[in-house]
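Note sheet for the following structure.
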Amino acid sequence: MSKDKILMKILSGVNDANIRFQDLRNFILQYGFSERIRGDHYIFTKENVFDIINLQPLKDGKAKPYQVKQVRKLFLKYKFHLNEEDYE
């Protein structure tokens with residue numbers, strides 16, 4: 001899924017239960033986050049961002065809806081979606 005399409009899906013908040021885990025993971029990595037994997041926990045950090053993103057995939061390959069909501073809140077808080085040209 002394209003970066004713009006997944007961004008719109010995350011920010012809209014109406015499809016939280018229908019976002020694939022790998023799409024969400026790749027999306028976060030495109031914004032310069034570092035990833036550490038511990039078991040089924042994918043932990044994302046970024047310099048100058050004080051919040052940590054901790055994701056676990058569901059058995060069907062989708063992201064957990066409450067974790068998509070956490071990613072949305074983080075992106076809105078730090079306004080990553082407004083400074084996209086800094087991450088390409």
Side-chain angles (χ1 to χ4, degrees):
M1 185 177 298
S2 75
K3 183 178 177 181
D4 291 335
K5 191 171 181 180
I6 190 78
L7 175 64
M8 293 310 299
K9 228 175 169 183
I10 291 169
L11 292 181
S12 74
V14 295
N15 292 314
D16 289 354
N18 292 317
I19 295 178
R20 289 184 25 214
F21 178 80
Q22 284 302 326
D23 289 341
L24 184 60
R25 178 181 169 262
N26 291 335
F27 176 75
I28 293 168
L29 291 172
Q30 287 177 342
Y31 276 90
F33 282 80
S34 299
E35 176 183 53
R36 187 178 82 227
I37 302 171
R38 295 280 171 127
D40 68 343
H41 290 253
Y42 292 72
I43 302 157
F44 300 91
T45 57
K46 182 176 172 81
E47 190 174 327
N48 298 323
V49 174
F50 302 105
D51 300 287
I52 295 172
I53 302 172
N54 184 0
L55 304 177
Q56 301 90 34
L58 291 171
K59 289 183 168 99
D60 65 358
K62 300 223 174 155
K64 294 180 179 182
Y66 79 91
Q67 292 175 342
V68 174
K69 185 177 180 181
Q70 289 173 347
V71 171
R72 178 173 48 254
K73 283 184 177 183
L74 181 89
F75 270 68
L76 293 172
K77 176 180 178 180
Y78 288 96
K79 298 179 178 28
F80 292 132
H81 61 291
L82 298 177
N83 301 317
E84 276 192 81
E85 62 277 354
D86 296 339
Y87 302 102
E88 295 189 24

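- Considering CD1 of Ile6 and CZ of Arg25, their distance stands at 13.5 Å, rounded to 0.5 Å.
- Of all heavy-atom pairs between Lys9 and Asn18, the closest is NZ-O, 3.2 Å.
- Interatomic distance, Lys59 NZ to Asp40 CG, rounded to the nearest 0.5 Å: 9.0 Å.
- When the side chains of ILVMFWY residues are joined at heavy-atom separations under 4.5 Å, either directly or via intervening members, Met8 and Val68 end up in two distinct hydrophobic clusters.
- The side chain to side chain donor-acceptor pair (under 3.5 Å) test with Asn54 singles out one residue from Arg38, Arg36, His41, and that residue is His41.
- Between Ile10 and Phe75, the closest side-chain pair of non-hydrogen atoms is not below 4.5 Å.
- Using a cut-off of 4.0 Å between Lys/Arg side-chain N and Asp/Glu carboxylate O, Arg72 and Asp16 are scored as salt-bridged.
- Phe27 and Ile37 end up in the same hydrophobic cluster when Ile, Leu, Val, Met, Phe, Trp and Tyr side chains are linked at under 4.5 Å.
- Aromatic rings of Tyr31 and Phe33 (six-membered ring for Trp) have centroids beyond the 6.0 Å cut-off, not under it.
- Taking CG of Asp51 as the reference point, atom CG of Leu74 lies at 5.5 Å (rounded to 0.5 Å).
- Both Phe44 and Phe50 are part of a single hydrophobic cluster, where members link through side-chain heavy atoms under 4.5 Å apart.
- The NZ atom of Lys62 sits 13.0 Å away from atom CG of Leu24, with the distance rounded to the nearest 0.5 Å.
- In this structure, CD1 on Ile43 lies 9.5 Å from CG on Leu55, to the nearest 0.5 angstrom.
- Note that OG of Ser12 is 9.5 Å distant from CG of Leu7, once rounded to the nearest 0.5 Å.
- For Gln67 (side chain) and Gln56 (main-chain N/O), a donor-acceptor pair under 3.5 Å exists by modelled atom type.
- When all heavy atoms of Ala63 and Leu58 are compared, the pair lying nearest together is O-CD1, 3.9 Å.
- Residues Phe21 and Leu29 share a single hydrophobic cluster, defined by chaining ILVMFWY side chains whose heavy atoms lie under 4.5 Å apart.
- Residues Ile52 and Tyr78 fall into different hydrophobic clusters, defined by Ile, Leu, Val, Met, Phe, Trp and Tyr side chains chained together at heavy-atom separations under 4.5 Å.
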